[in-house]
Q: 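Below you will find the structure I want to go over with you.
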Protein chains: 2
Amino acid sequence: MNGVDLKNRLSVPSSLRETIEARSQTRELVIGPDEHSPCLIGYDVSYFERIEARLEDEFASDFGPGRSLKSRSVFGATEHLKYDDNGRIILSPLMREMGEIGTQVLFMGLGHYFEIWSPEVFLAQEGQDPRVLKLVKALVAGRAQ
Amino acid sequence: MNGVDLKNRLSVPSSLRETIEARSQTRELVIGPDEHSPCLIGYDVSYFERIEARLEDEFASDFGPGRSLKSRSVFGATEHLKYDDNGRIILSPLMREMGEIGTQVLFMGLGHYFEIWSPEVFLAQEGQDPRVLKLVKALVAGRAQ
DNA sequence: TGAATACCCACGAAAGCCCATGCTATCCCT
DNA sequence: AGGGATAGCATGGGCTTTCGTGGGTATTCA
């Protein structure tokens, strides 16, 4: 669990940076609001470009105003962020608002992408896996990382 | 039976390391709380990459609520751990809590995965195989390896 | 010119790295 | 068969590096 400081800086966990750099050869990531949950969703650049391409294909073969358009609007609200020499990004107030992010932040790796949560918001969600809930509760209670 | 030391280090049995490296070509493993029993469950990383690939196939460019929930339950409570040159991992206090692990640890190979138990917790479980129980009792009593 | 961003250094804690020590199992030799 | 050397394993301790974080200073841009 990492903190957002007074300058809106946020350390990206080193393990996450490692996989990002392995996958996209950049010190850069893409984040945006999640469409369904009160959190942010993030990708490495190369994966994000693949998603964009797939949506582009869908859109090309479907001229109706459907799911594609909605998804595009979501992806349009993303930010490309480079992290600095200390591995920190600057989390804009807009992003913090959209992700309901306070002062503490939880990075959750989910395979090809990751989510950024306020721990408290996560605990208030319905239908999460009980093991994950227990783990996050322990984190919030301050028992180690 | 192996011990967790003051730095939370834990030796992974060399036989287990051998099969892990044979299966995934890495000195790395994945552990998480078991869904049904008070212990930890562990896999070699190739197992997890298969799960990841399945999720990717199943959902493709669909980032609906189903995908997130499933991904969180699969990835949210697990840790990827590299072991060092002496074959030791660091077992975080969090994982120890989730698996009810104290200072002594029992690795149990179960085919394509393995479990990590506190011996005492294991003995307190109902419905174990009597032969295994006898073996674990002997281990706890300090006889045999 | 003021605010936001980039760049730089510093510190405490955690994790990684290397070497040393028992201990056990195995081998080998006469 | 017995006994000594050998190698691998689990473990302990100390040193070094990295990580997350706070704070300062320069630079950019409207």
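All chains are named by letter (A, B, ...) in the order of the sequence lines, taking the proteins before the strands, and each is independently numbered beginning at 1.
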Q: Taking atom P of C/dG16 as reference, at what distance in whole Å does atom NE2 of B/His80 sit?
A: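 Value for this atom pair: 15 Å.
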
Q: Tell me if the centroids of the rings in A/Phe48 and A/Tyr113 come within less than 6.0 Å of each other.
A: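 No, ring centres 6.0 Å or more apart.
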
Q: Suppose clustering is done on Ile, Leu, Val, Met, Phe, Trp and Tyr with side-chain heavy atoms closer than 4.5 Å. Which residues sit in the same group as A/Met98?
A: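 When side chains under 4.5 Å apart are linked, the cluster holding A/Met98 also contains A/Val4, A/Leu10, A/Val12, A/Leu16, A/Ile20, A/Leu29, A/Ile31, A/Leu40, A/Leu81, A/Tyr83, A/Ile89, A/Leu91, A/Leu94, A/Met95, A/Ile101, A/Val105, A/Phe107, A/Phe114, A/Ile116.
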
Q: B/Met1 has an atom CE; how far is it from atom P of C/dC23, in whole Å?
A: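 The distance from CE of B/Met1 to P of C/dC23 comes to 17 Å, rounded to the nearest Å.
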
Q: Report the distance from atom CD of A/Gln104 to atom C1' of D/dG20, rounded to the nearest whole Å.
A: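 These atoms are roughly 12 Å apart.
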
Q: Starting at CG of A/Leu6 and ending at C1' of C/dA4, how long is that distance when rounded to a whole Å?
A: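 Value for this atom pair: 15 Å.
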
Q: Please list all pairs meeting salt bridge (charged side-chain N to carboxylate O under 4.0 Å, His left out) that have one or both residues in residues 23-32 of chain A, counting only residues at least two apart or in different chains.
A: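 Residue pairs with at least one partner in residues 23-32 of chain A: A/Glu21-A/Arg27, A/Arg23-B/Glu52.
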
Q: Which residue pairs satisfy the side chain to side chain donor-acceptor pair (under 3.5 Å) criterion with at least one member in residues 89-100 of chain A, sequence neighbours excluded?
A: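 Of all non-adjacent pairs touching residues 89-100 of chain A, those that pass side chain to side chain donor-acceptor pair (under 3.5 Å) are A/Asn8-A/Arg96, A/Glu79-A/Ser92.
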
Q: Under 4.0 Å from any atom of DNA chain D, heavy atoms only: list the residues of residues 83-98 of chain A that qualify, in numerical order.
A: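 When residues 83-98 of chain A is checked for heavy atoms under 4.0 Å from DNA chain D, the hits, listed by number, are A/Asn86, A/Arg88.
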
Q: Between B/Lys82 (NZ) and D/dT18 (P), how many Å, whole number?
A: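 Value for this atom pair: 14 Å.
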
Q: Classify the ring geometry between B/His112 and B/Tyr47 as parallel (under 30°), tilted (30 to 60°) or perpendicular (over 60°).
A: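 The rings of B/His112 and B/Tyr47 sit tilted, inter-plane angle from 30° to 60°.
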
Q: Does any N or O in the side chain of B/Asn2 come within less than 3.5 Å of the main-chain N or O of B/Ser11, such that one atom is a donor and the other an acceptor?
A: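 Looks like yes, one N/O pair under 3.5 Å.
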
Q: Go through residues 7-22 of chain B and report each residue with a non-hydrogen atom lying under 4.0 Å from DNA chain C, sorted by number.
A: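 DNA chain C contact set from residues 7-22 of chain B: B/Lys7, B/Arg9.
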
Q: CG of B/Leu110: more than 12 outside heavy atoms within 6.0 angstrom?
A: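 More than 12 within 6.0 Å, yes.
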
Q: Do A/Leu135 and A/Val121 share a hydrophobic cluster, counting only Ile, Leu, Val, Met, Phe, Trp and Tyr and linking them when any side-chain heavy atoms are less than 4.5 Å apart?
A: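 Linked within one cluster.
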
Q: Counting C-beta onward and ignoring hydrogens, is there a side-chain heavy-atom pair between A/Gln125 and A/Pro38 closer than 4.5 Å?
A: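 Heavy-atom side-chain distance check passes, below 4.5 Å.
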
Q: Return one dot-bracket line describing DNA chain D 5' to 3' (Watson-Crick or G-U wobble pairs, both distances under 3.5 Å; ( ) same strand, [ ] crossing, | another strand, . none).
A: ||||||||||||||||||||||||||||||

Q: Under 3.5 Å, is there a donor-acceptor pair between the side chain of A/Arg131 and the main chain of B/Pro33?
A: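 The answer is yes, because a donor-acceptor pair under 3.5 Å joins these two groups.
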
Q: Return the OG to CG distance between B/Ser118 and B/Leu123, rounded to the nearest 0.5 Å.
A: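 So the gap between those two atoms works out to 8.5 Å.
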
